[in-house]
Amino acid sequence: MKSKKSRNPLFLTLSAVLLVVLALTGCGSNNNGNNAPSSAPSNNTANGGSSANADSNLLNEIKTAGVIKVGLMGTYAPYNFLNDNKEIDGFDADIAKEVAKRLGVKVEFAPQEFSGLIPSLQAGKIDAIISQVTITDERKQQIDFTQPYITNQVKIIVKEDNNSITKLEDFKGKNIGVGLGTNDESYLRNDVLPQVGNFEIKTYDDVITSLQDLNAGRIDATINNLYALKPIVDKNGYKIKAVGDAIKSDQAGIAIRKNNPEFLAALDQALTDMKADGTYNTIFQKWFGEEPPAE
C-alpha cells in the first residue's frame with residue numbers, strides 16, 4: 001500500500017509535465033502557422049506583387065469614386081483658364097471632360113502653378129495632369145505619358161518695335177523670359193545657352209505676367225506658341241509679335257504617376273476613340289479655329 005501511494009504522486013507529476021510539454025508544442029505550431037500568411041505580403045511586395053495590385057487599383061479607385069482629379073495651370077488660355085463664369089475652361093479642360101466622360105466619371109480640376117503640378121501628381125494629390133505637359137525623355141523618368149494629344153510650334157516673341165531679335169543667336173546679352181519649370185525653360189538652359197552664349201533667363205509662373213513684362217520692355221523676348229498667345233494679346237492689346245521660323249515643335253500628353261498600366265491604357269483608348277469619331281477635331285476647331293495638323 002505504501003509503495004502504491006508513493007507511485008501515484010510521481011505518476012501524476014509526470015503526466016502533468018507531459019501535458020504541459022504537449023500544450024507548449026501545440027502553441028508553437030499554431031504560432032508558426034499564423035505567422036506564415038502575415039509574412040506573405042512582404043514576400044509579394046519584394047517580388048512586385050503589391051505593385052501590380054496598386055497598378056490595377058488606381059483606375060478602379062477613380063471609377064469607384066466617380067471622379068478623376070486633374071491638375072492644370074488655369075491661367076494658360078486658350079488651353080486652360082478661368083472663364084467669365086469662374087469655371088475652368090479651354091482646350092485642355094474640354095479634353096479632360098471628354099476623357100472623364102469616356103471613363104464613366106466626372107472631372108474635378110485642381111488649378112495650380114505649373115512648377116507644382118508634377119510634385120502634386122507624384123504625391124497622389126491629383127490623378128492626372130492635362131496642362132500642356134511636353135513629353136520629354138527627362139520627364140519620362142519621373143512620370144508616364146499617354147499618346148500626344150496636341151503638337152505645338154514654339155516661336156520667338158518680341159515687342160512690335162524690336163527688330164534686333166529674329167533668331168536664337170540674337171539672344172546673346174539679352175533678358176529672355178520663360179515659364180518656370182516648363183520644357184521651354186529646359187530648352188533655353190540646356191540647348192540654347194551653350195550654343196548662343198550668355199543671356200539672362202527670367203522665369204514666370206504664368207504667361208500673362210511674362211507678356212506684361214515683354215510689353216513693358218522689362219525683358220527683350222520670350223518663347224511660346226501662337227495658340228497660347230493670341231487670346232492674351234487680343235484681350236490686353238499688347239504690342240508684341242512672333243518672329244522667324246518655329247524654333248522647335250513640342251508634343252503634350254496626359255501625365256500620370258508611374259506603374260499604372262491599366263489607367264494609362266484607359267486614357268490612351270479614350271484619346272484614340274476621340275480622334276477616330278471626330279470629337280477631338282470638334283474640340284480643336286472650337287479653340288483654335290482650324291483643323292488639327294496631321295499626325
> Would Lys258 and Asp144 pass as an ion pair if we require N to O under 4.0 Å?
Replying inline: yes
key: Side chain to side chain, Phe284 and Glu291, heavy atoms closer than 4.5 Å   = no
Could you tell me whether the side chains of Asp273 and Gln269 share a donor-acceptor contact shorter than 3.5 Å? yes
Tightest non-hydrogen contact, residues Asn85 and Asn83, listed as N-OD1, 2.9 Å
ask   = Taking C-beta and beyond as the side chain, do Ile223 and Leu188 meet within less than 4.5 Å on heavy atoms?
value = yes
Between Ile156 and Leu168, the two heavy atoms sitting closest are CD1-N, 3.6 Å
With Phe109 as partner, the option from Ile88, Asp92, Asp89 fulfilling side chain to side chain contact (heavy atoms under 4.5 Å, CB included) is Ile88
query = Is the number of heavy atoms from other residues, nucleotides or ligands under 6.0 Å of Glu290 CD greater than 12?
reply = yes
Distance-only side-chain donor-acceptor flag, Asp250 / Tyr187, under 3.5 Å:
no
- Enclosure of Asp245 CG (heavy-atom neighbours >12, cutoff 6.0 Å): no
Note to self: Just by distance, no angles: are the side chains of Asn224 and Thr222 close enough, under 3.5 Å, to form a donor-acceptor pair?
What the structure shows: no
Inset, instruction - Could you tell me whether Lys286 and Asp94 have a side-chain N and a carboxylate O separated by less than 4.0 Å? - result: yes
Output for pair (Phe199 CZ, Glu169 CD), nearest 0.5 Å, gives 10.5 Å
- Query: Quick one: does Glu200's side chain get under 4.5 Å of Ile176's, heavy atoms only?
  - Reply: no
Closest non-hydrogen atoms of Ala228 and Pro78, given as atom of the first, atom of the second and distance, are CA-CD, 3.7 Å
Between Gln147 and Thr272, a side-chain donor and acceptor under 3.5 Å: yes
Next on the checklist: Check this for me, if you would: do Lys230 and Asp234 make a salt bridge, where the nitrogen-to-carboxylate-oxygen distance has to be below 4.0 angstrom?
Outcome noted: yes
Modelled atom types, side-chain donor and acceptor of Ser120 and Gln112, under 3.5 Å: yes
| task | Count the heavy atoms of every other residue, nucleotide or ligand shown that sit under 6.0 Å from NZ of Lys202, and state whether that count exceeds 12. | result | yes
For Lys241, does the NZ atom have more than 12 heavy-atom neighbours from other residues, nucleotides or ligands under 6.0 Å away? yes
Review point. Is the CD atom of Gln153 crowded by more than 12 outside heavy atoms at less than 6.0 Å?
Key: no
In short, Tyr149 meets Ser131 closest at the heavy-atom pair OH-N, 3.7 Å
Sequence neighbours excluded, the answer for salt bridge (charged side-chain N to carboxylate O under 4.0 Å, His left out) partners of Asp205 is none
Separation between CG (Asn190) and CD (Glu185), nearest 0.5 Å, reads 9.0 Å
Closest non-hydrogen atoms of Asp220 and Val158, given as atom of the first, atom of the second and distance, are O-CG1, 3.8 Å
Answer yes or no: is there a side-chain heavy-atom contact under 4.5 Å between Asn225 and Lys155? no
Between Ala255 and Ile143, the two heavy atoms sitting closest are CB-CD1, 3.7 Å
Any Val207 side-chain heavy atom under 4.5 Å of Thr75 side chain: no
| How about Val67 and Val105: do any of their side-chain heavy atoms sit closer than 4.5 Å? | no
Exactly one candidate in Lys101, Arg102, Glu98 meets side chain to side chain donor-acceptor pair (under 3.5 Å) with Thr279; the answer is Arg102
Measure the shortest side-chain to side-chain distance between Leu211 and Asn236 over non-hydrogen atoms and say whether it is less than 4.5 angstrom. no
From the list Ile129, Val133, Ile254, side chain to side chain contact (heavy atoms under 4.5 Å, CB included) with Phe145 holds only for Val133
key: Audit row: Phe91, Phe288, ring-ring contact (aromatic ring centres under 6.0 Å, His included) steps and yes/no   = CA-CA 9 Å; Phe91 176 76; Phe288 306 121; 5.1 Å; yes
In this structure, CG of Leu59 is separated from CD1 of Ile68 (nearest 0.5 Å) by 9.0 Å
Regarding Asp206 and Thr209, do their side chains bring together a donor and an acceptor under 3.5 Å, going by distance alone?
yes
- Could you tell me whether Asn198 atom CG has more than 12 heavy atoms of other residues or ligands within 6.0 Å of it? no
Phe263 and Ile62, any side-chain heavy atoms less than 4.5 Å apart: yes
Looking just at side-chain N and O atoms, do Asp184 and Thr182 make a donor-acceptor pair shorter than 3.5 Å? no
